A.B. asks: 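Right, I'll just put the structure down here and ask away after.
Since we're looking at a predicted model, the values are computed, not measured. Letters A, B, ... mirror the listed sequences (proteins, then strands); counts begin at 1.
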Amino acid sequence: MASEVIEIKKQAKSTFKEEVMKILPEGGNLNLCLTCGLCSSGCPATGLEDMDPRKFLRMASLGLDEEVLNSNWAWMCTMCQRCLIACPMKIDIPALVFNVRNRWPKETQPKNIRGSCDMAFKNETCSAMGASEEDFKFVVEDVLEEYQEAQLEFAEMQAPIDKQGAEFFLNQNSREPVTEPDEMVPLWKILDIVGADWTYGSKGWAAENYCLFVADNEMWEKNVRLKAKAVDDLGCKVWLNTE
Amino acid sequence: MREGKLKVNSDWNRDLKVKFTVQDPCQLVRKSLGDPIAEDLRFIVKTIVGEENFVDMAPNRSNNFCCGGGGGFLQSGLPEARRYYGRLKFEQIKATDADYCITPCHNCHSQIHDLKEYNQGKYETVHIWTIMCLAMGILGENERTYLGPDLVDVNPYPS
Ligand code: SF4
Ligand code: SF4
């Protein structure tokens, strides 16, 4: 918990918190804090970087913008919203954290998250691991064939890609096709047994979206729109994202 | 399952009595569909492992602790902070004394698996689909990576 006393040298004015309040519904209630501490007492990130959610919010309120904007703690709060449901005043601290992340220059953001966000656009697949349309198709077809041959009850099982008009469009996290392809199979079997009319897409197939974690609003939206377009282009009714 | 299209039960675990708990992913439960989806999750898990073999963590559902894998923490290059964050999750799972933690989210799966390795816990970390297929007797040899020695040979397929 907080230990060091923070000295406020001059009458500071929070410009950062005011800016965040302008873009949040009800200003995220950021001015309503009762300092009760419920948020901090149930937050797993309390204690990291000598910080906790109440302290973070209070610092923002006191206009300690530089400290708030440079705190590495913004990358240690997972924006899980547990504090938000516990807070009697429904104060949206995770949204404050999101906007701190947003202000970090791209080159100083944690490089693996940033890199995974950017990598999604290397192909039209949204894969943060950079897997292409062809890579995905190859792995899915290869694995399917292997199982059709080895497990006779599933000789007719399908794992369609780009099936026009299928009811369900299923996203797939890149981790399976890239590092553990056999893990895709149990779900295929379940879909096969229930007779689901489903498909993957060669475009927009990857479920993950790291741009959300670096709080890059433009790229985050672009990622979602690429996926949504893939669903629409195939005329699917339901979009299933297993993330 | 409710429509009867997926015939699955917990007979396989009646005598084995392997204990399961379930992680409520923040993104799925607290941040989007709320407690009703947490109930659906329990309906599924109890059906496939047996009600008597299910142990809930405390707190749970919308009030569950985040595992610490979310928000990009797994990719942030801050493993010490991430594992410190995850200590509450590890203790929660340990307190259930479960043999398996079912994780319905990729980030949760990676983080909870890592917490077990790092803290030398005794539980295994599995996706729902693995246990569902195991229960139906259609889980092949190569689909058993995350099962522990107690289940790796149970209900083999093809038999
Ligand atoms: S729970 Fe809400 S009111 Fe209480 S200290 Fe935290 S932010 Fe302030
Ligand atoms: S959203 Fe952040 S501050 Fe709030 S409980 Fe979760 S980790 Fe803690």
A.B. asks: Top residue by heavy-atom pair count (under 4.5 Å) with chain B, among A/Ala215, A/Pro110, A/Ala86?
C.D. replies: A/Pro110
A.B. asks: Using heavy-atom distances under 4.5 Å, tell me whether B/Cys66 contacts chain A through its side chain, its backbone, both, or neither.
C.D. replies: both
A.B. asks: Heavy-atom cut-off 4.5 Å, strictly under: side chain, backbone, both or neither for B/Arg82 against chain A?
C.D. replies: neither
A.B. asks: Could you grab the distance from atom CD1 of A/Ile193 to atom SG of B/Cys133, nearest 0.5 Å is fine?
C.D. replies: 6.5 Å
A.B. asks: Quick one: does A/Ile190's side chain get under 4.5 Å of B/Met136's, heavy atoms only?
C.D. replies: yes
A.B. asks: Taking side chain to side chain donor-acceptor pair (under 3.5 Å) as the criterion, tell me which of A/Arg175, A/Glu208, A/Glu176 meets it with B/His106.
C.D. replies: A/Glu176
A.B. asks: Please state whether the side chain, the backbone, both or neither of A/Arg114 comes within less than 4.5 Å of a heavy atom of chain B.
C.D. replies: neither
A.B. asks: Are there over 12 heavy-atom neighbours, none belonging to A/Lys90, within less than 6.0 Å of that residue's NZ?
C.D. replies: yes
A.B. asks: Identify the two heavy atoms, one from B/Gly140 and one from A/Lys189, that lie closest to each other, and give their separation to 0.1 Å.
C.D. replies: N-NZ, 3.8 Å
A.B. asks: Please examine the side chains of B/Phe73 and A/Cys80, heavy atoms only from C-beta on, and report whether any two atoms are closer than 4.5 Å.
C.D. replies: no
A.B. asks: With only heavy atoms counted, which part of B/Ile138 is less than 4.5 Å from chain A, the side chain, the backbone, both or neither?
C.D. replies: both
A.B. asks: Between A/Glu180 and B/Glu143, is the side chain to side chain contact (heavy atoms under 4.5 Å, CB included) condition met? List the steps.
C.D. replies: CA-CA 10 Å; A/Glu180 42 183 18; B/Glu143 302 155 67; over 6 Å; no
A.B. asks: If the contact rule is any heavy atom under 4.5 Å from chain B, which residues of residues 145-153 of chain A qualify, in numerical order?
C.D. replies: A/Glu146, A/Tyr147, A/Ala150, A/Gln151, A/Leu152, A/Glu153
A.B. asks: Taking 4.5 Å as the heavy-atom cut-off, does anything in residues 110-129 of chain B contact chain A, and if so which residues?
C.D. replies: B/Ser110, B/His127, B/Trp129
A.B. asks: Are more than 12 heavy atoms, taken from residues, nucleotides or ligands other than A/Glu218, located less than 6.0 Å from that residue's CD atom?
C.D. replies: no
A.B. asks: Given that the side chain runs from C-beta out, which part of B/Pro59 has a heavy atom under 4.5 Å from chain A: side chain, backbone, both or neither?
C.D. replies: side chain
A.B. asks: Identify which of B/Ser76, B/Gly77, B/Cys67 forms the greatest number of heavy-atom pairs closer than 4.5 Å to chain A.
C.D. replies: B/Ser76
A.B. asks: Mind checking whether A/Asn72 and B/Leu78 have side chains closer than 4.5 Å, heavy atoms only?
C.D. replies: yes
A.B. asks: Checking A/Arg82 side chain against B/Asn63 main chain: does a donor-acceptor pair fall under 3.5 Å?
C.D. replies: yes
A.B. asks: Please give me the minimum heavy-atom distance between B/Tyr84 and A/Pro44, naming the atom from each residue.
C.D. replies: CE2-O, 4.2 Å
A.B. asks: Can you say whether A/Leu187 sits under 4.5 Å from chain B via the side chain, the backbone, both, or neither, judging by heavy atoms?
C.D. replies: both
A.B. asks: Could you name the residues of residues 144-159 of chain B that have a heavy atom within less than 4.5 Å of a heavy atom in chain A?
C.D. replies: B/Thr145, B/Tyr146, B/Tyr157, B/Pro158
A.B. asks: If you count every heavy atom of other residues, nucleotides or ligands that lies below 6.0 Å from A/Trp220 atom CH2, does the total exceed 12?
C.D. replies: no
A.B. asks: I'd like to know whether NZ of B/Lys94 has more than 12 heavy-atom contacts from other residues, nucleotides or ligands below 6.0 angstrom.
C.D. replies: no
A.B. asks: Name, in order of residue number, those residues of residues 29-45 of chain B that have a heavy atom at a distance of less than 4.5 Å from a heavy atom in chain A; otherwise write 'none'.
C.D. replies: B/Arg30, B/Lys31
A.B. asks: Does the side chain of A/Glu183 pick up a donor-acceptor pair with the side chain of B/His109 at under 3.5 Å?
C.D. replies: no
A.B. asks: Which heavy-atom pair separates A/Thr78 from B/Gly70 by the least distance, and what is that distance?
C.D. replies: CG2-O, 3.5 Å
